[in-house]
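Report on the following structure.
Because only heavy atoms are used, hydrogens play no part in the values below, and waters and symmetry mates are left out as well, while side chains stay in. So that the names make sense, note that chain A is the first sequence line, chain B the second, and so on, each numbered from 1.
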Number of protein chains: 2
Amino acid sequence: MQDKRTAIAIVDDHTLFRKGLMSLLAESDEVEILFDASNGLELKKNINAENLPEVILMDINMPQMDGYAATKWVTKTYPSVKVLALSMFDEDKPIIEMLKSGAGGYLLKESKTTELVLAIKTIASHGFYMNNLVSGKLIKSLQDPVPAKSEISEISANELKFLQLSCSELTYKEIADKMNLSPHTIDNYREALFHKFEIRSRTGLVLFAIKNDLIKL
Amino acid sequence: MQDKRTAIAIVDDHTLFRKGLMSLLAESDEVEILFDASNGLELKKNINAENLPEVILMDINMPQMDGYAATKWVTKTYPSVKVLALSMFDEDKPIIEMLKSGAGGYLLKESKTTELVLAIKTIASHGFYMNNLVSGKLIKSLQDPVPAKSEISEISANELKFLQLSCSELTYKEIADKMNLSPHTIDNYREALFHKFEIRSRTGLVLFAIKNDLIKL
DNA sequence: AAACAACAGGGTAAAAACAGCTTTTCTTAA
DNA sequence: TTAAGAAAAGCTGTTTTTACCCTGTTGTTT
């Protein structure tokens, strides 16, 4: 396992983190950093089929092209490249989403250096890195067979706009004015959303929008 | 300015970031890292009056004792120590809060290494480091003379419970039942909150609770 | 005794929730 | 090209909930 360094790339929008990690890993003789990028788009530009990294350390929240999209793209375009997600969040959603997107492992930024190096080596040789975080969420996602919950994508453009305007102290009548629509049409949107997402009140509408990140506070 | 290295400490709960930053700054001959800590509590343990850092790089979100509390404590206990806030967020609230807590500057984690070193040197010699982020927010906070907004602490225990229950699809009548009170009493709470915080609808109540972190999603 | 806060009541008008039905507009497939 | 169907927009109602007003009781503080 010690015959050569593992070639990696780092994708993270926080320059200080990225450069810090590069400096840290440069000290190790286990890995070799080919390049770094501040988001998925930059990764697409910098990655080179002639000199592919074995493992990419991938952040999730990034401008322009985030970790989910970047992981999907890279695992599809270069199937030999493994992705190790590196994030601050230990919540279910990002972990499961990153694994679904094609990541072979998930590590928290609060991990120790030794664990990071171990994860890189493991993922390079076996294709995945299993830790408590990942195995726990995997089991959970198996037990919880994706509630078949109505998808947010089932919302039309107008319904979305209505939903966003509902998260204010405007009355439905005022919302109708703002959207240049009849109050009755607004009422149709309201009912459609109520049925689709099992909501019974305007308060429920607001809560739904917030939980699904459909509005910004 | 080159007669000696600037002594610093790093406080951040993400080990990989912290260690990475240490490795990065170790390459520079401008700074010397005395110690690091993963949160405010650890900082309190590790800091030593005999060998104080000149500048502390301080994260905001940390377990046990966050950046606000840690900055307040350290600037009060050791007035000679300067704090440079280091965060991912470029929003108003954390910036202004950290400056109020005693930080002499605020830098984003997406900054470049050179800017970090410059900020450390500047804050060590002048006590503060001014960049567009900081100056802009400072001006804004001056123009916006803290809206004299009614304090959240003016909420009674029952009003708070009512407010939290309002963030659901329960009707006021059902909330009254849950709290073993008359619907009229609930109506009094509602009116009191409406007047105190200039709210005109139940939706406003929900939005207020969320913005002020009075409920957990 | 006055002032205050918490609780409780009646009444009213507006807004929200719910139901059922018609018209317009846009696909799409015969 | 048009007939059929679906989706979006619109309308008429009714009931329930919310928002707002003012009054009154009780118990505590000053």
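With distances taken from any side-chain atom of B:Y172 to the nucleotides D:dG10, D:dC20, D:dT18, the minimum falls on D:dT18. When the nucleotides D:dT18, C:dA16, C:dC7 are ranked by their closest atom to the side chain of B:T171, D:dT18 comes out on top. Nearest nucleotide to the side chain of B:F194, out of C:dA6, D:dC20, C:dA16: D:dC20. Comparing C:dA8, D:dT17, C:dC7 by their nearest atom to the side chain of B:K173 picks out D:dT17.
For the pairing with A:L163, the side chain to side chain contact (heavy atoms under 4.5 Å, CB included) check across A:L205, A:V206, A:I215 returns one residue only, A:L205.
A side-chain donor-acceptor contact under 3.5 Å links A:S201 and B:E169.
Across the interface with DNA chain C, nearest-nucleotide mapping of A:L170 and B:N158 shows B:N158 to be the residue nearer the 5′ end.
Look at B:D59 and B:K109 and you find a salt bridge, because one of the NZ, NE, NH1 or NH2 atoms lies within 4.0 Å of a carboxylate O, short of that distance.
Side-chain atoms of A:E174 come within 3.5 Å of backbone atoms of A:T171 as a donor-acceptor pair (strictly under, hydrogens ignored). Under the 3.5 Å distance criterion, the side-chain polar atoms of A:E32 are left unmatched by any main-chain donor or acceptor of A:A7. Using modelled atom types, one side-chain atom of A:T122 and one backbone atom of A:L118 make a donor-acceptor pair closer than 3.5 Å.
The cationic group of B:R202 lies under 6.0 Å from the six-membered ring centre of B:Y172 and within 45° of the ring axis, placing it in a cation-pi geometry.
Atom pair A:I175:CD1 and C:dA15:C1' shows a separation of 12 Å (rounding to whole Å applied). Rounding to whole angstrom units, CD of residue B:E169 and P of D:dT16 are separated by 18 Å. Going from atom CZ of A:R202 over to atom P of C:dA15 covers 11 Å, rounded to whole Å. Distance B:L181 CG to C:dG9 C1': 14 Å, rounded to the nearest Å. Taking atom CZ of A:R200 as the reference point, atom P of D:dT16 lies 17 Å away to the nearest angstrom. Rounded to a whole Å, the CG atom of A:L193 is 12 Å from the P atom of C:dA17. A:N180 has its CG atom 19 Å from the P atom of D:dA8, to the nearest Å. Note: NZ (B:K161) to C1' (C:dA6) measures 14 Å, nearest angstrom.
Proximity of A:S182 to the phosphate of D:dC11: a side-chain N or O atom is located under 4.0 Å from OP1 or OP2. The phosphate of C:dA8 (OP1 or OP2) has a side-chain N or O of B:T185 nearer than 4.0 angstrom.
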Distances under 3.5 Å between protein N/O atoms and the N/O atoms of nucleotides 21-28 of chain D, please, pair by pair.
none

